[in-house]
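Here is the structure we will look at, set down as structure tokens.
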Amino acid sequence: MDSNAIRDSTILVTGGAGFIGSHLVEALAPHNEVRVLDDFTTGDRAYLPDDVTVVDGDVRDPIALQKAARGVDVIFHHAALVSVTQSVDDPRRSNQTNLEASLLVLEQARQEDARVVVASSAAVYGHPETLPVPETASTTPTSPYGVQKLAADQYARLYEGLYGLETVALRYFNVYGPRQRGPYSGVISTFLEQARADEPITVEGDGRQSRDFVHVSDVVRANLRAATTDAVGEAYNIGTGQRTTILDLAETIRTATGSDSTIVHREPRSGDIRHSGADTSKATRQLGFDATVGIESGIRSLVGDDRSNAATDTALEPNRGGGSYR
Ligand code: UD1
């Protein structure tokens, strides 16, 4: 365990039963009193250690939030509607969860004088003006989701300036890892499912678009750093600094799984970002954070999970032998 790691604290993780939140809870629970606020629409109780306190409720509900946040030292705010497509279909609905609830969380944190770590997104940059993109680049989101994440990210900064609340915004690039599943999950989980079933791997467009894929265990480490840093009131890119094309990703997954899947091309996704990659030098400098899991080893560990047929297990998880949440 990192000597700077947070311990003996009372912590709330909103969205704590979801993909990223549950990995974070798992890392925090051995050393802290952890509460989870989750409505279990996409989260799963099976992901949670036995000794966490669960508040089954909606992050938009001020009463549930108040109950979950009473007396906490830190709030990790991960509850969100993560689908960009859903936000395009119903901007007001996603605004309630992604923005209005974030403001509720910040207000609740003021009551408790708690630090807040906000899950922001690379979506704030829209089509990045430079690659890799630094935090100082212009922010022109191309979806309601991106606008909502940008506003929450800016509110976090503002609350530090206006009210002296300790806040940190983490702008995640394309996060992947165990427990990412469902109709709105990312390209890696979709390709893995297709490869395992020997079904065609569906590349949208020419496949030469690229992303910065960051493993969830690295995202957890970034959160732990954000919980203790003195460099508050800031936003940080959380990625690896390496870009992978979607076509290369398809090949890597086909090889790693030993699949007979063909690679087929579909229409490109409308409004798709062509290239996305993080300049992570600010996180390195101010948080002491560097990603440790490269795309090939990250994929291999996921495939290992599939082979052993363990739905949530991985060599990279802390309680199961890998111990990489440091
Ligand atoms: C992702 C995040 C989003 C975040 C954004 C930040 C997910 C699910 N979404 O969006 O929350 O705001 O990064 O940059 O992690 N693709 C295919 N075939 C498929 C599925 C996808 O070729 O079957 C392609 C897409 O067209 C896209 C790329 O893979 O070019 C990545 O898509 P996806 O995983 O949905 O993530 P983003 O759209 O980058």
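Order of appearance sets the numbers: ligands from 1, and atoms from 1 within every ligand.
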Which of the ligand 1 atoms, numbered from 1, are nearer than 4.0 Å to a heavy atom of [X]:
X: Ser185; answer: 8 (C)
X: Asp272; answer: 26 (O), 27 (C), 30 (O)
X: Tyr145; answer: 11 (O), 12 (O)
X: Val203; answer: 22 (O)
X: Thr190; answer: 23 (O)
X: Val82; answer: 11 (O)
X: Ala122; answer: 6 (C), 14 (O)

cation_pi(Arg179, Tyr47) dist<6.0 Å, angle<=45: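 Arg179 over Tyr47 ring: yes.
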cation_pi(Arg171, Tyr236) dist<6.0 Å, angle<=45: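 Verdict for Tyr236: no cation-pi partner in Arg171.
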Residues clustered with Leu103, ILVMFWY side-chain links under 4.5 angstrom: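 Traced through the cluster, Leu103 reaches Leu12, Leu37, Val55, Val59, Leu65, Val72, Ile75, Leu99, Leu104, Val105, Leu106, Val116, Val118, Tyr155, Leu158, Tyr159, Leu162, Tyr163, Leu165.
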Distance flag for atom 14 (O) of ligand 1, protein heavy atom under 4.0 Å: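 So atom 14 (O) of ligand 1 has protein heavy-atom neighbours under 4.0 Å.
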Under-4.0 Å heavy-atom contact between protein and atom 2 (C) of ligand 1: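 No, there is no protein heavy atom closer to it than 4.0 Å.
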One residue to check: [X]. Relative to ligand 1, which of side chain, backbone, both or neither has a non-hydrogen atom less than 4.0 Å away?
X: Phe173; value: neither
X: Ile246; value: side chain
X: Thr202; value: both
X: Tyr176; value: neither

Interatomic distance, Ser83 atom OG to Asp90 atom CG [nearest 0.5 angstrom]: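 Atom-to-atom, Ser83:OG and Asp90:CG are 11.0 Å apart.
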Nitrogen or oxygen of Val187 less than 3.5 angstrom from that of ligand 1: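 Yes; at least one N/O pair falls below 3.5 Å.
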Ligand 1 N/O within reach of Gln180 N/O, cut-off under 3.5 Å: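 In fact, backbone or side chain, Gln180 has no N or O that close.
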Nearest neighbour in protein (non-hydrogen) for atom 10 (O) of ligand 1: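 Of every protein heavy atom, Asn174 ND2, 4.0 Å lies nearest to atom 10 (O) of ligand 1.
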Distance from atom 7 (C) of ligand 1 to nearest protein heavy atom, with residue and atom: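 Going by distance alone, atom 7 (C) of ligand 1 is nearest to Gly186 CA, 4.2 Å.
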Result of checking Thr244, Ile188, Ile273 against Arg211 for side-chain contact (heavy atoms from CB on, under 4.5 Å):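 Among the candidates, only Ile273 passes.
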Determine whether the side chains of [X] and [Y] contain a donor N or O and an acceptor N or O closer than 3.5 Å.
X: Asp218; Y: Thr292; value: yes
X: Thr284; Y: Asp290; value: yes
X: Asp212; Y: Thr240; value: yes
X: Ser185; Y: Gln180; value: no

Working for salt bridge (charged side-chain N to carboxylate O under 4.0 Å, His left out), residues Arg243 and Asp248: CA-CA 10 Å; Arg243 283 186 290 123; Asp248 283 347; over 6 Å; no
Exam field: side chain Thr14 to backbone His78, donor-acceptor pair closer than 3.5 Å: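 Between the backbone of His78 and the side chain of Thr14 there is a qualifying donor-acceptor contact (under 3.5 Å).
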For atom 12 (O) of ligand 1, the option (of Ser121, Ala119, Ala278) bearing the nearest heavy atom: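 Among Ser121, Ala119, Ala278, the closest heavy atom to atom 12 (O) of ligand 1 comes from Ser121.
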Heavy-atom nearest option to atom 33 (P) of ligand 1, drawn from Arg274, Arg211, Arg269, Glu204: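 The option holding the nearest heavy atom is Arg269.
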Criterion side chain to side chain contact (heavy atoms under 4.5 Å, CB included) on Ile201 and Thr262, from CA distance to verdict: CA-CA 6 Å; Ile201 295 177; Thr262 54; over 6 Å; no
